[in-house]
Amino acid sequence: MFKPMFSTIIDFCSQVAKNRDLESSARLSALELLTTFCEVSPNMCKRESSYAGSMVLVTLQMMTEVCLDDEDCAEWNNADDIQDEEDEEEYNAARQSLDRVSLKLGGQTLAAPLFQYLPQMLQSSDWHERQASLMALSSATEGCRDVLISEIPKILDLILPHLQDPHPRVQYACCNAVGQISTDFADTIQRTSGDRILPAMIAMLTTKNVPRVQTHAAAALVNFSENASKEVLEPYLDSLLTNLLELLQGPKRYVQEQVVTTIAIIADAAETKFIKYYDTLMPLLINVLKADMGEQNRVLRAKSIECATLIALAVGKEKFAPNASEIIEIFGHLQQTLLGEDDPIKPYLEQGWERVCKLVGKDFIPYLPLVLPPLLEAGKATQDISVVDDDELEEINQNEEFQVIQLAGKHIAVHTAVLDDKAAAIELLKNYADTLGADFFPYVESIASDIIIPGLDFYLHDGVRGAAALTMPSLLSCTIAATGANDSFKVQALWKGMCDKLIHQLGNDPVPELLVAYYTAFSQCIELIGPNALTDEQIASIGNSIDHNLKETYERIIERESGDDEYTEENEEDDEEYTDEELLDEISKGINVVFKNTKLRFLPAFQKLVPTIAAFINDENSSLKLLALCSISDLIEFTGAESFNLKDLFMQPVGESLTSPSSMIRQAAAYCVGVAAQFGGPNYKEFCFATLPSLLQMVSVPDARANDNINATENIIAAIAKICHTYNNEIPDFQNLAERWLKLLPVLNDEEAAPYAYSFLAELIDMGFPPVSQNIPKIVDDVVQALLYHSLSGKSAERVVQSVKQLLGTIPQAEAMGILNGYSAEAQQEISKWFS
C-alpha cells in the first residue's frame, strides 16, 4: 500500500527527524516509522534507492546530540549512576534504529552509504561527529558482518587511533566500538587481532580521571575475552590483572562492579593459565563477600560471587579446595539474609551454588536442603495473568516485568518476569541432576510431578516449556542410576508420565523451536530406557505426531520457496529456515531412535508416514530429501527383509541421489545402499548391483577427496565394501571390482565408514587376494594412516592389524621393517603400539 508514496514518506520523515526545532516526540516518531518500514518490509527498503542513505544521515545526525556543553560532559564523566542517559533520547533512539535497520538491510545495502560518511566524520574537528561515527559503527557491525568481517585490519586502523582522542566521549565511543566488533566478528578478530586490541584496551584502563572510559575499556575486554582462547590471552594476563586490581581499589562503585565482571570472564577464558593469580584474587573476593558494605554495594557483592566461582571453575577442584568450605559458609549466610525476590544477589547466588556443586560433586549433597527450596519455589510458579483495562494499558506496557497480548478483543497482561525466573530455576535443577546423578534421586519425583511435566503446559512462556522438556532425560538418568535398573517400577512410572506428555506436545505445540527441544528430550529418554521403551499405543501416537510435524514443516518450506515475487518479504525467513533444518534433523534422530528401540513394531506407524516420506524423497530441497534418505536407511536396518515391501517408495530416488550435486545427499544415499547390503537380505541383491556404476563414478571424480566431498566419498567406499562382503562372488566380475576398490583407500575421516572398509580389506588379505600381495606397501600405508588419524580404532583396528601383520610376514623382515620405518618419529611411537 505504501510503495507508490514511499520515497515521499522517506523524505518527509527524514526532515522531521533531523529538525532539532521540533518536539522530541515528533522526531522520534518519524525515526520509528522509518525503522518500522525496514523491519516489516526490508525488500521494499532495499529497492528504494534513497532509503539506506537517508537512514544513515538521520541516525548519524541524531547520534551527535549528546553533551551539548562542557558542564554536561563533566556531569556525564562524574556520574555515579551509569545507566542509559534518559536525557539523550534522540542519541539512544538513533543507535537502536541503526542497529535494527542494519540487521534487516545487511552489509550489501548499508555498508557503502555508511562508510561514505564515517571516515570524514572521524576526522571532523567537532568531537560530537567523531563520537557519533564510532557509535554508528558499533550499531551497524552486526548487521553488516557479511561485508565488514573481511575488513577487520582497515576498521581497526580507522578506530584505534581515537583511543587517544582528547575528548572522553570519543574515547568512550572508541572502547564501545572495539567491544562491539569483538562480539560481532568473533572469533575471527580474536585469532587475528589480539596483539592490537589487548594492548590498546589495557592502556585505556590507566586513563586518569576518566572513570567512565576506564570502565568501558574493562567492558570491551569482556567482549573480547569471551571468545578468546587462553593462548591469545596468556601473554597479557600480567598487565591485564595488574591494572584491573588497581582499578578495583578506586572509589567508584560502578568501576569496581565492572572490574570484577571483567576478571571473572578473563578467568573463565584463561582456564588453568589463571592459577598463578588465584592466590592474589581469591582472598580479595572473599573479603568483599564477607564485608558488611550496605545495600548500595549488593551488586558488587553479587558480581564477586560470579567472579569467585568462575575463577574456581577455571583453576579446578584441587586449587579451590582450601577455600571451598569458607565460600560455602559465606554463600549459606548470604542465602539466609537475602532481601526478597528483587535482591540482586539472588540470581548470582543461584548460579554460584551450581558452579560450586560442579566443583565439589558429592561433597555438595549436605547443602541441597539449603539451596533447593528457593529453586523449587520458583520452579512451581504459576502463570500470573490478568485482564487490563484501557486506562491501565500504558502503565503496564512500560513495566518490563509484564508482556501484554491481545486475546478475544481483550488486553491480557502476563507476568513474564516470574516465568523467566521459573525457566531459569528449571535449568539449574537440571544442572544439579546432571552433576549429582543418583544422589539427586530423592528430589526427582516431586520435581517431575510438580514442575517438569506440568511445565509443558505453560503456553504463555516458551522458555519454561523448553527447559522442562530438556530436564526430563536428566531426571530419568538420576532415577536409573539410583535404582540400578532402567526397568524398575519407579523408572517406568516416571517415563510413562514424561512420554505421554512429550508425545502430546509434539502433536500440539505450535512453536517449531520447541519441537526441537521435545524431540531431543524424547530421543535421549528412549536411549536411556533401552529396548521396548514404548507401548504399541505410544508408538502409534508418536507416528501420528511425526507425520503432523513433517507435513507442517513441508508446508512452511514450500511456501517459503514459492515466495519469489517482488512483494514477498523476508520476515525472519533465515531464522525460519534454520529452525526447520534443525527440526528436521531432530525428527530424523527421533525416527532412528524409535526404529532402533522397537524395530518391526514401528513398521505399521511408519507406513502411515509413507506418503509424506515419498514427497520428501522426491523433492529438490536438500533438507527434505536428507530426512527421507535417513528414514529409509533406518527402515532397512531395523526391519530387514520386511522393508522390501516398500521398495517402490525409495529404490529409484536412492539410486538417483547417488549422483546428486549435494555431497550430503550422496553421503546419505550411499549409506542407504550400504545398509541394504548389510541388512536387507537376498531381495536387495539386484538393487545393490545396479548402484555400483554410480558409486564407482562418484568416487572417481577429480575432486572426490575435496573437503566438501570427502564424507560422501568415504561412505561410498564403505558401501562398496559392504556389497562386496555380502555378495562377493555373486557379483559379476567381483575380482575386478575388488581390485578397483583397493585403489580407493584410505578412509581417514569418517569413523563409522572406516571399520566396514578395513574389515573388508582384512577379508581380502585373509583370502590371499592376489592384488593385495602385489601392493603390500600401499596396503600397509592405508592402514597405518587410518590408525594415525584414529578413524580406525578398537576391535576393528585389532582385527585389521592382525591381518596386516600376517601380510607383512609373507615378505622378508628387512623389507617389512623398511615399510614401517618410513614414518616420522612421532608416528613411529603410535605405530609401535600396533606393530610390535
Side-chain angles (χ1 to χ4, degrees), residues 82 179 183 215-216 218-228 230 233 237 240-241 244-245 247-248 252-275 277-278 280-291 293 295-317 319-320 323-324 326-335 337-339 341-360 364 367 370-371 374-375 378 420-421 424-425 427-428 431-432 435:
I82 60 168
T183 296
T215 306
H216 221 49
L221 283 165
V222 169
N223 293 39
F224 184 87
S225 301
E226 279 179 325
N227 297 287
K230 55 189 175 186
L233 290 174
L237 286 177
L240 255 174
L241 293 165
L244 288 170
L245 286 173
L247 278 182
L248 197 57
K252 293 281 188 183
R253 188 169 65 248
Y254 70 77
V255 178
Q256 296 169 336
E257 291 168 2
Q258 180 59 62
V259 166
V260 169
T261 297
T262 304
I263 291 172
I265 299 304
I266 289 171
D268 190 39
E271 297 175 335
T272 52
K273 303 288 185 185
F274 205 83
I275 285 179
Y277 309 101
Y278 179 88
T280 300
L281 282 164
M282 189 58 81
L284 288 174
L285 294 167
I286 289 174
N287 287 338
V288 172
L289 293 172
K290 290 168 70 174
M293 300 182 294
E295 286 188 31
Q296 70 274 18
N297 284 299
R298 291 188 79 79
V299 172
L300 177 59
R301 183 175 284 183
K303 294 194 172 186
S304 296
I305 292 171
E306 177 185 50
C307 189
T309 50
L310 283 174
I311 287 174
L313 277 181
V315 301
K317 181 177 181 179
K319 185 68 178 174
F320 175 63
N323 300 112
E326 186 176 13
I327 288 284
I328 289 172
E329 183 181 335
I330 293 169
F331 283 11
H333 173 72
L334 293 173
Q335 182 81 51
T337 56
L338 289 172
L339 304 178
E341 289 297 311
D342 295 332
D343 192 329
I345 287 178
K346 183 175 179 288
Y348 285 90
L349 187 57
E350 289 172 348
Q351 297 286 342
W353 278 125
E354 191 253 328
R355 293 188 193 107
V356 170
C357 179
K358 280 183 181 177
L359 278 163
V360 303
F364 192 79
Y367 303 98
L370 176 66
V371 173
L375 288 181
D420 289 340
D421 291 344
E427 289 175 8
L428 287 171
N431 293 341
Y432 281 121
T435 300

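Throughout, numbering of the chain's residues begins at 1 and tracks the sequence.
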In Å, rounded to the nearest 0.5 Å, how long is the span from [atom1] of [X] to [atom2] of [Y]?
X: Glu350; Y: Asp421; atom1: CD; atom2: CG; result: 7.5 Å
X: Asp343; Y: Leu349; atom1: CG; atom2: CG; result: 9.0 Å
X: Ile286; Y: Asn323; atom1: CD1; atom2: CG; result: 4.5 Å
X: Leu338; Y: Arg298; atom1: CG; atom2: CZ; result: 6.5 Å
X: Thr309; Y: Ile327; atom1: OG1; atom2: CD1; result: 8.0 Å
X: Lys230; Y: Lys273; atom1: NZ; atom2: NZ; result: 6.0 Å

Quick check: do [X] and [Y] have side-chain heavy atoms less than 4.5 Å from each other?
X: Thr215; Y: Lys252; result: no
X: Ile311; Y: Ile263; result: yes
X: Arg355; Y: Glu306; result: yes
X: Leu248; Y: Leu245; result: yes
X: Phe274; Y: Leu241; result: yes
X: Gln258; Y: Val222; result: yes
X: Thr261; Y: Glu257; result: no
X: Val356; Y: Tyr367; result: no

### Message
Taking Val288's backbone N and O only, do any of them form a donor-acceptor pair with Ser304's side chain (distance below 3.5 Å, no angle check)?
### Response
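No; judged by distance alone, with no hydrogens or angles, the pair does not exist.
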Of all heavy-atom pairs between [X] and [Y], which one has the smallest distance, and what is that distance?
X: Ile305; Y: Gly352; answer: CG2-CA, 4.2 Å
X: Ala269; Y: Leu233; answer: CB-CD1, 3.5 Å
X: Asn223; Y: Gly179; answer: ND2-O, 2.9 Å
X: Ala302; Y: Pro344; answer: CB-O, 3.6 Å
X: Ala264; Y: Leu310; answer: CB-CD1, 3.7 Å
X: Lys317; Y: Leu359; answer: CD-O, 3.1 Å

Under 3.5 Å, sequence neighbours excluded: what are the donor-acceptor pairs made by side chains of residues 328-335?
{"residue": "Gln335", "atom": "OE1", "partner": "Trp353", "partner atom": "NE1", "Å": "2.7"}

### Task
Apply side-chain contact (heavy atoms from CB on, under 4.5 Å) to Leu339 and Lys346, showing your working.
CA-CA 9 Å; Leu339 304 178; Lys346 183 175 179 288; over 6 Å; no
### Message
Among residues at least two apart in sequence or on other chains, which ones pass ring pair (Phe, Tyr, Trp, His ring centres under 6.0 Å) with Tyr432?
### Response
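Tyr432 satisfies ring pair (Phe, Tyr, Trp, His ring centres under 6.0 Å) with Phe364 once adjacent residues are dropped.
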### Query
Out of Ile345, Val260, Leu285, which one pairs with Lys303 under the side-chain contact (heavy atoms from CB on, under 4.5 Å) rule?
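Of Ile345, Val260, Leu285, side-chain contact (heavy atoms from CB on, under 4.5 Å) with Lys303 is met by Val260 alone.
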### CG (Asn287) with more than 12 external heavy atoms under 6.0 Å
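Yes, because the 6.0 Å sphere around CG of Asn287 holds more than 12 heavy atoms from other groups.
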### Message
Suppose the criterion is salt bridge (Lys or Arg N to Asp or Glu O under 4.0 Å): which pairs have a residue in residues 282-291, not counting sequence neighbours?
### Response
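For residues 282-291, and leaving out neighbouring residues, the salt bridge (Lys or Arg N to Asp or Glu O under 4.0 Å) pairs sorted by first residue read Lys290-Glu326.
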